A.B. asks: 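Before I ask anything, let me first share the structure, which is written out below as structure tokens.
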Amino acid sequence: MESGEDAKADLSSASASASASSPLLAEASSCHPNDELKKLLAFKVYKRRWFVLLVLCLLNCSNATLWLTFAPVAEQSAQYLQATLTEVNWLSVVFMVVSIPLSLAAIWLLDTVGLRVTLVLGSWLNMFGGVARVMGGPPGDGFRVDFALVMLGQTLAALAQPLVIFAPTKMAALWFPDKQRAVANSAASMANPLGILMANLISPAIARSKQQIPFLMLVYSIPACVTCCLATVGIRSSAPPTPPSASAELSTSEPFVQGVRLLLKNRAYLVLLLCFGSGVGVFTSFITLLEQILCVQGYTNDFAGLCAALLIAFGIAGAALLGFYVDKSKRFTEAIKINMAASALAAIAFSVVCLMQRQGVAMATVCSLFGFFGFSVYPAVMELSVECSFPVGEATSAGLIFMAGQILSIVYIVVLQSLAIPVADSPRSTCGLAPHSWKVSMMVPAVLTTFFTCVFIVVFRTRYKRLEAEEDATYGRTRVDAGVDT
């Protein structure tokens, strides 16, 4: 059930090297075994880590489907709920509004109270959110769900989002060895966009008219209930009995408040927070408004859902490949810079192609490239945030970046909607309600993506502090930290 062979091999190698270089050290070691070297013998991995990973993946996926249930079918939702398109957009935006003030509490829970309590609490909030949305009048032809009740369900699910979306980095650090951390983080992190992908495929397929909206909400509530049961019954501890690596033993060695202070003084981390936070904002606004952007040029809801699906599917594939690469090479910075540069080009291409009609192949291609290069960097960035800020808690370093992304998402969505100009007459439009021209709006994300990519490529430099700490622990060396990156 357990495997500690790699740690033992490293220990043997380190002990032999030390003995050869210093007979006196070898003699001392034989009489008084080094406590740190003894700890290396206890580094083990447990099969149950895969169950914890599975539950977190299901939880992230379910929460994402609740988040974007209505975005791909905004017009049908507006008709059923007797609301405007702006009000329907707020069913998605509320996730960002609610999660921002809750983010610090979620970070504190993960780094102080523990992974298990955080995930179980998140699973219950997620389930209550899914169930609340389908509560209405008695079943039948007159069954009705009020907009206020749906908003309540969205708000409860939004409370769960930071609890589960900040957890992958923490889970990977506590349960997985260094050679599997990036892959585990990628799997758990990409479960959220997988849920977005499912929402963009399932919602248009089920809700072809306003009458199917209640059934659509019922479908999404079932996985939330199942996942809640798995998390409550199956996750019995926040961490395994023995750590899988040296850094896991030092996880969250800095108190929460002190950790935040260190991050605010860390130049490399602040650059990463600003540049990637903007990227999260661009992606969120893109997914939320895609159907409304494309319908003006005559594209159907199904095609908009396909484009969103391609973006996410290629993003997941890219994240898997990038996760394996950085696990083997540890070249986080180089890989992220290359991918961000390619994603900036894709964002520019989208701002041009989305203004054209009958360019389905080009549109689908651009969305695929934007996902493969841009969205795929998310797990690698979360790992890099830990590397450049260690020993600050994993949830703190990753959570603040996502929190910045949520704030910028709200700003970008509001700005893009305000820049969209109503069109009096658009014969090729497939929009059910008044169409808008997004020509000016689409220039904004292209400019922002290009600017912050250039800043990141030119300015970002960092040491990999967590890897250095593990190397020091493995070979018994000591290192004096020079301080905060400058």
Side-chain angles (χ1 to χ4, degrees), residues 67-79 81-97 147 154 196 199-200 203-204 278-308 311 344 346-360 362-364 366-367 370 374 405-452:
W67 170 29
L68 285 180
T69 299
F70 306 102
V73 287
E75 293 173 14
Q76 296 92 320
S77 301
Q79 293 167 7
L81 298 172
Q82 297 178 357
T84 66
L85 276 178
T86 299
E87 289 173 331
V88 171
N89 287 340
W90 272 96
L91 293 175
S92 300
V93 175
V94 70
F95 271 69
M96 289 156 264
V97 174
F147 179 84
Q154 291 295 99
I196 298 173
N200 278 281
S203 290
S278 178
V280 172
V282 169
F283 170 78
T284 304
S285 58
F286 182 89
I287 287 292
T288 302
L289 301 172
L290 182 61
E291 183 262 337
Q292 298 170 52
I293 295 170
L294 295 185
C295 71
V296 182
Q297 301 300 333
Y299 298 106
T300 63
N301 283 358
D302 288 341
F303 181 77
L306 173 63
C307 287
L311 184 149
I348 294 171
F350 178 82
S351 68
V352 175
V353 177
C354 74
L355 303 177
M356 303 177 182
Q357 54 181 313
R358 300 189 185 92
Q359 296 296 325
M363 180 65 67
V366 169
C367 290
F370 187 59
Q406 295 291 73
I407 295 173
L408 291 173
S409 295
I410 296 175
V411 174
Y412 290 173
I413 290 174
V414 171
V415 170
L416 294 182
Q417 287 187 124
S418 65
L419 292 175
I421 304 171
V423 178
D425 183 24
S426 181
R428 60 180 179 271
S429 171
T430 58
C431 305
L433 301 177
H436 288 69
S437 171
W438 296 85
K439 182 176 181 179
V440 177
S441 298
M442 286 299 95
M443 294 175 61
V444 175
V447 171
L448 289 171
T449 304
T450 303
F451 173 75
F452 283 110

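This one's a predicted model, so the numbers in the text were calculated from it and none came from an experiment.
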A.B. asks: Please check this pair: side chain of Ser351 against backbone of Met443, looking for a donor-acceptor N/O pair closer than 3.5 Å.
C.D. replies: no
A.B. asks: Please examine the side chains of Ser203 and Leu68, heavy atoms only from C-beta on, and report whether any two atoms are closer than 4.5 Å.
C.D. replies: no
A.B. asks: Does Thr449 reach the side chain of Phe350, with side-chain heavy atoms less than 4.5 Å apart?
C.D. replies: no
A.B. asks: Are Ile413 and Asn89 close enough that some pair of their side-chain heavy atoms sits under 4.5 Å apart?
C.D. replies: no
A.B. asks: Any donor and acceptor pair, going by atom type alone, linking the side chain of Ser441 with main-chain N or O of Ala420 inside 3.5 Å?
C.D. replies: yes
A.B. asks: Which residues pass the ring-ring contact (aromatic ring centres under 6.0 Å, His included) test with Tyr299, not counting sequence neighbours?
C.D. replies: Phe303
A.B. asks: If you look at every heavy atom in Phe147 and Glu87, which pair is closest and at what distance?
C.D. replies: CZ-O, 3.5 Å
A.B. asks: Can you name the side chain to side chain donor-acceptor pair (under 3.5 Å) partners of Ser278, sequence neighbours left out?
C.D. replies: Tyr412
A.B. asks: Rounded to the nearest 0.5 Å, what's the gap from CD1 on Ile293 to CE on Met363? Could you check?
C.D. replies: 9.0 Å
A.B. asks: Return the OG1 to CH2 distance between Thr84 and Trp90, rounded to the nearest 0.5 Å.
C.D. replies: 11.5 Å
A.B. asks: Once rounded to the nearest 0.5 Å, what's the spacing between atom CG of Leu289 and atom OG1 of Thr284?
C.D. replies: 10.5 Å
A.B. asks: Looking at every non-hydrogen atom in both residues, tell me the closest pair between Ser409 and Val280 and how far apart they are.
C.D. replies: OG-O, 3.7 Å
A.B. asks: Taking Gln359 for the side chain and Val353 for the main chain, is one N or O donor matched with an acceptor at less than 3.5 Å?
C.D. replies: no
A.B. asks: Of all the heavy-atom pairs spanning Pro72 and Ala199, show the shortest one and how long it is.
C.D. replies: CG-O, 3.7 Å
A.B. asks: I'd like to check Cys307 versus Phe286 (side-chain heavy atoms, cut-off strictly below 4.5 Å). Are they in contact?
C.D. replies: no
A.B. asks: Does some side-chain heavy atom of Leu81 sit less than 4.5 Å from a side-chain heavy atom of Leu91?
C.D. replies: yes
